[in-house]
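Here the structure comes first, spelled out in structure tokens, and everything after it is commentary.
Indexing begins at 1, ligand by ligand and atom by atom, following the structure's order. Note that the numbering runs from 1 along the sequence shown for the chain. Scope of the values below: all heavy atoms of this structure, side chains included, with no hydrogens, waters or symmetry mates.
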Amino acid sequence: MPSPVARHPDLVAYRDEFPLLRASVYLNTCSLGARTERSRARLETFLTDWDELGARAWYQRWLGELDGLRGDLGAVIGAPAEEISLTPSVSAALAVIASAFDPIHRGDRERLDRLAEAGIAAGDRPRPRVVTTALDFPTVGHQWLARQTLGVELEIVPSSDGSSLSMAAFEAAIDERTALVATSQVFFTTGALAELGALARLCHERGAVLLVDAYQGTGIVPAALSETGVDIYVSGTLKWLFGGPGTAFAWVRPALHAALVPTTTGWFSSARQFAFAVDELAFAEDGRRYELGTPSVPSAAIARGGLEVVREIGVDRLGERTRDLGDLLIGLADDAGLELRAVRAASARGGIVPIAVADPKPVVDRLAGDGIIVDYRPGVVRCSPAFYNTEEEVGLLVERLAAAVPAGDRRIS
Ligand SMILES: Cc1ncc(COP(=O)(O)O)c(C=O)c1O
């Protein structure tokens, strides 16, 4: 067994709180983070409140819980609770945000002026283009592919190394017709970090907005909203926030609210939600303007259990331990003769370590038969140790992986 190398070994004490870690060697947090017992307790409280209070639970408990959830998410990304928009999925957040770009694509003067007031000098011409990349999660591009009938053009920037995106590739793609660049903070198959600060500067120089899908980063990579200058940040609780499905969120730089007015909406976005005025739509001044209908309160309860742990430990320590375990995995995989598709520098990596395997599914199934849970994407076994994993678990994974991958299948695809 390798000697321990990862910082913050004390965090292993949290393992007792995550039942899944007793059932398997779980190294698939980039797909679904494990659940803490705190989530079960909060879900029980939700059910009890429902049984005891009925609809009074809305005012006495649940609206407060939703505000608490906005506060937790805001604390993790460094934004006030009021700037968080709750959505049921990243896709839903993106759909609402995409709807706000329609007038900018058409060249609506008033909206372009509002963008300029927010520091993004978009000029006075239509900006029908959206730039995304070949490494982004499909739902990002799909929002704008679905708008092709409205005249929107989607440019998909290829990755020259199959792992990351260079600034030169973005420089070539972003022009005076680009309204938005929509890409990831951490790419979901390769684990590479995007250079968000440089990308935000480039976007703003060319009059475009930068949207970041941070699903694979939130909880282990600081959001650094003001340092990087990103304009829109979307993410969810399913992975590195240990908060389960059903809760996602958006943050839109408040200065952009006047420029980005949604046309896909719901009553939670209304400034006077409980006035029940069918003939009036004044959007909330805060992040709620990008919300839809009733959020899933049981999902919120579950999510808050995971977020409590994340807030207690802090993104810095979570990120350090996650990347240290990634370093260990990379070193052991090298020694075992496995082919890595991972980014080697810890500073350029999130929590995903992909290992090249020509036909990964049978390998992942075989490991699952041994109680070791990882997943796959085309041409790679995707491994993602989290803070609660041990060095021994990482060692066991590499040992079994090396035994399960035939030498001829160890190729870079
Ligand atoms: C980077 C990234 N973005 C988006 C998603 C999907 O988000 P949702 O299902 O909430 O729309 C995922 C994974 O499920 C992802 O890894």
Yes or no on side chain to side chain donor-acceptor pair (under 3.5 Å) for D324 and H8, after CA distance, side-chain angles and deciding distance?
CA-CA 10 Å; D324 285 357; H8 312 302; over 6 Å; no
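Ligand 1 has a nitrogen or oxygen under 3.5 angstrom from a nitrogen or oxygen of V90. Considering backbone and side-chain atoms together, Y215 places no N or O closer than 3.5 Å to any N or O of ligand 1. Residue T139 has no N or O atom closer than 3.5 Å to an N or O atom of ligand 1. At least one N/O-N/O distance between K239 and ligand 1 falls below 3.5 Å.
Atom 16 (O) of ligand 1 has as its closest protein heavy atom Q216 NE2, 3.2 Å. F137 CE2, 3.5 Å is the protein heavy atom nearest to atom 6 (C) of ligand 1. For atom 11 (O) of ligand 1, the closest non-hydrogen atom on the protein side is S91 OG, 2.5 Å.
Here the CG-CD1 distance, from L307 to I302, works out to 12.0 Å after rounding to the nearest 0.5 Å.
Ion pairing between R40 and E17 fails under the 4.0 Å rule for side-chain N and carboxylate O. Under a 4.0 Å N-O distance rule, the pair E393/R15 qualifies as a salt bridge. A salt bridge links R317 to D10: one of the charged nitrogens lies within less than 4.0 Å of a carboxylate oxygen. By the 4.0 Å N-to-carboxylate-O rule, D67 lies close enough to R70 to be salt-bridged with it.
Of the residues T265, V252, T264, the one that meets the side chain to side chain contact (heavy atoms under 4.5 Å, CB included) test with V96 is T264.
Both the backbone and the side chain of S89 come within contact range of ligand 1, each with a heavy atom under 4.0 Å. Only the side chain of D213 comes within 4.0 Å of ligand 1, counting heavy atoms alone; its backbone N, CA, C and O stay farther away.
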